[in-house]
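So the structure is just underneath, and the comments pick up after that.
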Amino acid sequence: MAKQKEKLVAEITAMETDFTQWYTDVVLKAELIDYSAVKGCMILRPYGFAIWENIQSDLDRRFKDTGHENVAMPMFIPESLLQKEKDHVEGFAPEVAWVTHGGSEALAERLCIRPTSETLFCDHYAKIIQSWRDLPKLYNQWVSVVRWEKTTRPFLRSTEFYWQEGHTAHATEAEAREETLRMLEVYADFYRDALAIPVIRGRKTESEKFAGAEETYTVEAMMHDGKALQSATSHYFGDGFAKAFEIQYSDRNNQLQYVHQTSWGLSTRSIGALIMVHGDDSGLVLPPRIAPIQVMIVPVAMHKDGVLEKARAMKDRLGRSLRVRLDDSDRMPGWKFSEYEMKGVPLRLEIGPRDLAAGQCVAVRRDTGEKTVLPLDQLEQSVRDLLDDIHDNLYAKALKRMNERIWSAAGWDEFSRIIAEKPGFIRAPWCGNEACEAKIKEETGATSRCIPFDQPEQNGSCVCCGKPAVTDVIWGKAY
RNA sequence: CGGGGUGUGGCUCAGGUGGUAGAGCGCUUGCUUCGGGAGCAAGAGGCCGGAGGUUCAAGUCCUCUCACUCCGACCA
């Protein structure tokens, strides 16, 4: 592995100097977003939106492969509809935006701008589900939602954000539970295979559950600064919503039954994860499978005979199977190198007079900075191999970094010392008492990220109170 | 919602004790350049966040607002 290379982009604050500022610099300088006229709302610029489009198309294929259909619900929810499920309203009430007027007339009933769409799907499901033959309903939608957040940050927490929300209705509890876990796996696979991000799968504690859910499952990722990012969630609702919304079907014995439901979502926050897991002091580092530009061709001395022609030929060849761009603007080559490094383009190909004669080009990978010479006659295969290797390397590096920073703590003193001194997660036993969870949050700032699926035979004692533990919990500071 | 910071060309910022706005970068045009952010030349571009007030005179002083940003409590 190449040593940490010199920082080439002066406009970006170094991570060690100020991680938050580094993040803001990257997001703006890489032209992912711009701030908008409305507080907390961001404009997704072409490069940022292209990443989202690639995320969408990859995930959408996985949803279709598991039998789901896309729909689109309205963005407004009548207040009475939102209030049908008690826990759910209580969870979301503080952060909903309300529409009170249509034109100049006050509305008889105010409308909430969806913070999430459970109630809309439920209302619809109640109408269209009558028989066991109507089940399961496996719907998903790609939309934006609005939550009136107090403090906002691009991608991580914005007032309006884009996401997908899957909502399914099943005949039995077993089927619904299976769906909940299936979709969690879809997310985990997606993070590994498309974003090159390792995640920890687990279940949320009672206090961290989604409003209205019986169980919430999560995939948690570790950012470069050691903080956790809840990267996607999948909820099992039981029949709570079905009872509130009277979603019933006749089973094979003509008995009325309530459906069992799930919902699951992944948002543009995943782009925040990409930035904070793979990025470095020179800017973005994008995994090849979702990078809007996978290969950038930079001609050197392009006014010289044959250079531009060869560069164009390379672009045409590679463009048949890859997202390739050629920068034939009159910028200096050095400027272009820095620019595309800042933007995280996984692979750069340089072609100049020296290469022309030799029938080669120079490849520079973004993840390691390593330069290799590629013969032009096997260009397609070499490039594809390099891109695959970059993906694997990014994943391996992120996995290693995460595993190296999951600490264990035997007791309270050790726990609070590690949280204060070392970035990362702590894996430690818990007695199951919410008071301990609350105390840890209160006194150390760490929250329970999840109860990981892989559990040892439990014989430890609670890291907070010392009483016998029931389970291991992953603790950490979170975004 | 509490605490701090900042608002002056597209961007980063200068503009002690009031006197009618400047630099660097970027942008435009031309020529020369091109293997890690090129050089020269000529240009364009600002009612100084907004509203009041003090004054002969306000980026500059006073009051009030708004926005952005950072740090904490709540959340995908």
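Letters A, B, ... are given to chains in the order of the sequence lines, protein chains preceding strands, and every chain is numbered from 1. When reading the values below, keep in mind they use all heavy atoms of this one structure, side chains included, and skip hydrogens, waters and symmetry mates.
- The side chain of A:Arg331 places an N or O atom within less than 4.0 Å of a non-bridging phosphate oxygen (OP1 or OP2) of B:C27.
- As rounded to the nearest Å, B:G26 and B:U65 have P atoms that lie 41 Å from one another.
- B:G30 sits 22 Å from B:G35 when the P atoms are compared, rounded to a whole Å.
- With distances taken from any side-chain atom of A:Thr24 to the nucleotides B:C74, B:G36, B:C70, the minimum falls on B:C70.
- Following rounding to the nearest Å, A:Met332 (CE) and B:U33 (P) show an atom-to-atom distance of 12 Å.
- In this structure, the CG atom of A:Asp34 is 17 Å from the P atom of B:A67, given to the nearest Å.
- Computed from coordinates, the A:Glu160 CD to B:C75 C1' distance equals 17 Å when rounded to whole Å.
- With B:G35, B:C75, B:C34 as the candidates, the nucleotide lying closest to the side chain of A:Glu149 is B:C75.
- Across all strands shown, B:G72 is found opposite B:C1 as a Watson-Crick or G-U wobble partner, with both distances under 3.5 Å.
- Going from atom CD1 of A:Ile351 over to atom C1' of B:C34 covers 15 Å, rounded to whole Å.
- Proximity of A:Asp367 to A:Asp389: side-chain heavy atoms (C-beta onward) are nowhere separated by under 4.5 Å.
- In this structure, A:Tyr139 has its ring center at least 6.0 angstrom away from the ring center of A:His167.
- In this structure, A:Tyr340 does not reach the B:G36 phosphate: none of its side-chain N or O atoms is under 4.0 Å from OP1 or OP2.
- Rounded to whole Å, the distance from CZ on A:Arg153 to C1' on B:C71 is 11 Å.
- For the C1' atom pair drawn from B:U12 and B:G18, the interatomic distance equals 27 Å after rounding to whole Å.
- Using the Watson-Crick or G-U wobble rule with both distances under 3.5 Å, B:C56 pairs with B:G19.
- Anti is the classification of B:G24, since its glycosidic angle lies more than 90° from 0.
- For A:Trp52 and A:Phe155, the distance between ring centers is not under 6.0 angstrom.
- Within the shown strands, B:A41 is the pairing partner of B:U29 under the Watson-Crick or G-U definition, both distances less than 3.5 Å.
- Annotation: of the two residues near RNA chain B, A:Thr159 and A:Pro154, the 5′-most nearest-nucleotide partner is A:Pro154.
- The phosphate of B:C71 (OP1 or OP2) has no side-chain N or O of A:Thr151 nearer than 4.0 angstrom.
- In this pair, A:Phe237 and A:Phe210 present their aromatic rings tilted. The plane angle is within the 30 to 60° band.
- Pairing for B:G7 is with B:C66, a Watson-Crick or G-U wobble pair whose two hydrogen-bonding atom distances lie under 3.5 Å.
- B:A73 and B:C11: their C1' atoms are spaced 35 Å apart (whole Å).
- If you check every strand for non-hydrogen atoms under 4.0 Å, A:Pro299 touches nothing.
- The separation of B:G4 from B:U33, taken at their C1' atoms, amounts to 49 Å, rounded to a whole angstrom.
- Residues A:Gln21 and A:Tyr479 both approach RNA chain B. Their nearest nucleotides, taken by heavy-atom distance, put A:Gln21 toward the 5′ side.
- Relative to the side chain of A:Tyr35, the nucleotides B:C68, B:C74, B:U33 differ in distance, and B:C68 lies closest.
- In this structure, A:Val362 reaches the bases: a heavy-atom distance under 4.0 Å links it to at least one base atom across the strands shown.
- Closest contact between the side chain of A:Trp335 and the listed nucleotides B:G37, B:C1, B:G36 involves B:G37.
- The local environment of CH2 in A:Trp142 is crowded, with over 12 non-hydrogen atoms from other residues, nucleotides or ligands closer than 6.0 Å.
- Using a 4.0 Å heavy-atom distance criterion, A:Gly352 is classed as a base contact.
- If you check every strand for non-hydrogen atoms under 4.0 Å, A:Asp355 touches a base.
- For A:Thr20, a side-chain nitrogen or oxygen approaches OP1 or OP2 of B:C71 to under 4.0 Å.
- Considering only heavy atoms from C-beta on, A:Glu437 stays 4.5 Å or farther from A:Glu206 through its side chain.
- The listed nucleotides are B:G37, B:G35, B:C70; the one nearest the side chain of A:Glu339 is B:G37.
- Under the 6.0 Å cut-off for aromatic ring centres, A:Phe161 and A:Trp163 qualify, their centroids lying closer than that.
- B:C34 has A:His303 stacked on its base ring, the centres lying under 5.5 angstrom apart and the planes within 30 degrees of parallel.
- Here B:G35 presents its C1' atom at 13 Å from CG of A:Leu356, a figure rounded to the nearest Å.
- Across the protein-nucleic acid pair, A:Asp18 atom CG and B:C70 atom P stand 9 Å apart, rounded to whole Å.
- Within 4.0 Å of A:Ser263, counting heavy atoms only, lies no atom of the nucleic acid at all.
- Across B:C61 and B:A38, the matching P atoms stand 40 Å from one another, rounded to whole Å.
- Using atom P as the reference point in both B:A67 and B:A51, the two lie 16 Å apart (nearest Å).
- A gap of 10 Å separates the C1' atoms of B:C68 and B:G49, to the nearest Å.
- Base pairing annotation: B:G46 forms no Watson-Crick or G-U wobble pair, as no partner gives both donor-acceptor distances under 3.5 Å.
- In this structure B:G36 sits in no base pair that meets the Watson-Crick or G-U test at under 3.5 Å.
- Of the candidate nucleotides B:C75, B:G72, B:G36, B:G36 has the atom nearest to the side chain of A:Lys371.
- B:G36 atom C1' lies 8 Å from atom CZ of A:Arg348, rounded to whole Å.
- Between A:Phe121 and A:Tyr125, the ring planes are tilted. Angles from 30° to 60° get that label.
- Below 30°, between 30° and 60°, or above 60°: for A:His224 and A:Phe19 the angle between ring planes is between 30° and 60°, a tilted geometry.
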